[in-house]
Q: 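Quick one: the structure is below, and I'll ask about it shortly.
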Amino acid sequence: MQKILAALAMALLAGAAAAQSVDFTEPKNGAVVSSPFKVKFAVTGMEVKPAGSMDSNTGHHHLIINGDSMKVGESIPFDETHMHFGKGQTETDVTLPPGTYKLTMQFANGAHQSYGPGLSKTITVTVK
């Protein structure tokens, strides 16, 4: 019985330690791109589901133009610098005028509430 309990405890700890993260698969940090350019999102340890779904360990992507990651629980605004992918999209085409931009991907729950800096990633791109 003790061996079974120990194995169960180890499995729970391993599950709890599973890393949750987001990343840009395209473009890479520092890339020089032409507008429009493809942006592809990835998430590890969570499942992408459309807005409205409040299942645990699920959410959807947001792209913040020239902004920072958001605090845990903070609602992501609906404006021109906060792009919402509430249908569960994992890629998009972005059109920006020439310049250097900070792109921040923020993963959030079905109510558009941020999972915080731990589930965000920021890169810089230059649009030529």
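Sequential numbering from 1 along the given sequence is applied to the chain's residues. None of the values given here were measured: they were computed from a predicted structure.
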Q: In Å and rounded to the nearest 0.5 Å, what is the NE2 to CZ distance from H62 to F78?
A: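 Between atom NE2 of H62 and atom CZ of F78 there are 6.5 Å.
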Q: Can L103 and L63 be said to form a side-chain contact (heavy atoms from CB on, under 4.5 Å), step by step?
A: CA-CA 7 Å; L103 305 179; L63 182 63; 4.0 Å; yes
Q: Taking only residues two or more places apart in sequence or in another chain, which ones pass ring pair (Phe, Tyr, Trp, His ring centres under 6.0 Å) with H82?
A: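 H82: no ring pair (Phe, Tyr, Trp, His ring centres under 6.0 Å) contacts found.
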Q: Tell me whether Q89 contacts the main-chain N or O of K87 through its side chain, where contact means a donor paired with an acceptor under 3.5 Å.
A: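 A pair under 3.5 Å: yes.
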Q: Would you say the side-chain atoms of D23 pair up with the backbone N or O of T25, donor to acceptor, closer than 3.5 Å?
A: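 No, because the side chain of D23 does not come within donor-acceptor range (under 3.5 Å) of the backbone of T25.
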Q: Can you tell if the side chain of H112 reaches within under 4.5 Å of the side chain of H60, non-hydrogen atoms only?
A: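 Sidechains of H60 and H112: in contact.
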Q: Do M70 and F24 sit in the same hydrophobic cluster, where Ile, Leu, Val, Met, Phe, Trp and Tyr count as joined when their side-chain heavy atoms come under 4.5 Å apart?
A: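 Shared cluster, no.
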Q: For P27 and V125, work out which heavy atoms get closest and say how close.
A: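 Smallest heavy-atom distance, with atoms named: CG-CG1, 3.6 Å.
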Q: With a 4.5 Å cut-off on side-chain heavy-atom distances among I, L, V, M, F, W and Y, is there a chain of contacts connecting I76 to M46?
A: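 As far as the 4.5 Å side-chain criterion goes, M46 and I76 are not connected within one cluster.
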Q: Test your reading of the model: is there a side-chain donor-acceptor pair from H84 to the backbone of P77, 3.5 Å cut-off?
A: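 The answer is yes, because a donor-acceptor pair under 3.5 Å joins these two groups.
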Q: Check side chain to side chain donor-acceptor pair (under 3.5 Å) between H61 and all other residues, then give those that pass, not counting sequence neighbours.
A: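 Partners of H61 under the side chain to side chain donor-acceptor pair (under 3.5 Å) test: none.
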Q: Between OG of S56 and CD of E47, what distance do you get to the nearest 0.5 Å?
A: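 Going from OG on S56 over to CD on E47, the span is 9.5 Å.
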Q: Answer yes or no: is there a donor N or O on one side and an acceptor on the other, between the side chain of Q106 and the main chain of I64, under 3.5 Å?
A: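 Judged by distance alone, no pair lies under 3.5 Å.
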Q: Is the backbone N or O of G110 less than 3.5 Å from a side-chain atom of S53, with the two atoms forming a donor-acceptor pair by type?
A: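 Between the backbone of G110 and the side chain of S53 there is no qualifying donor-acceptor contact (under 3.5 Å).
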Q: Is the backbone N or O of G59 less than 3.5 Å from a side-chain atom of N109, with the two atoms forming a donor-acceptor pair by type?
A: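 Judged by distance alone, no pair lies under 3.5 Å.
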Q: Rounded to the nearest 0.5 Å, how far apart are CG of D68 and NZ of K102?
A: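 Separation between the atoms: 3.5 Å.
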Q: Side chains of residues 33-40: which donor-acceptor pairs under 3.5 Å do they make with residues two or more places apart or in other chains?
A:
| unit_1 | atom_1 | unit_2 | atom_2 | d |
| --- | --- | --- | --- | --- |
| S35 | OG | L96 | N | 2.8 |
| S35 | OG | L96 | O | 3.0 |
| K38 | NZ | E91 | OE2 | 3.4 |
| K38 | NZ | D93 | OD1 | 3.3 |

Q: Within a strict 4.5 Å, meaning less than it, do heavy atoms of the T124 and N29 side chains meet?
A: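 Contact flag for T124/N29 side chains = yes.
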Q: Could you check if a side-chain atom of F107 sits within less than 4.5 angstrom of a side-chain atom of V48, using non-hydrogen atoms only?
A: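 Yes; the side chains approach each other to less than 4.5 Å.
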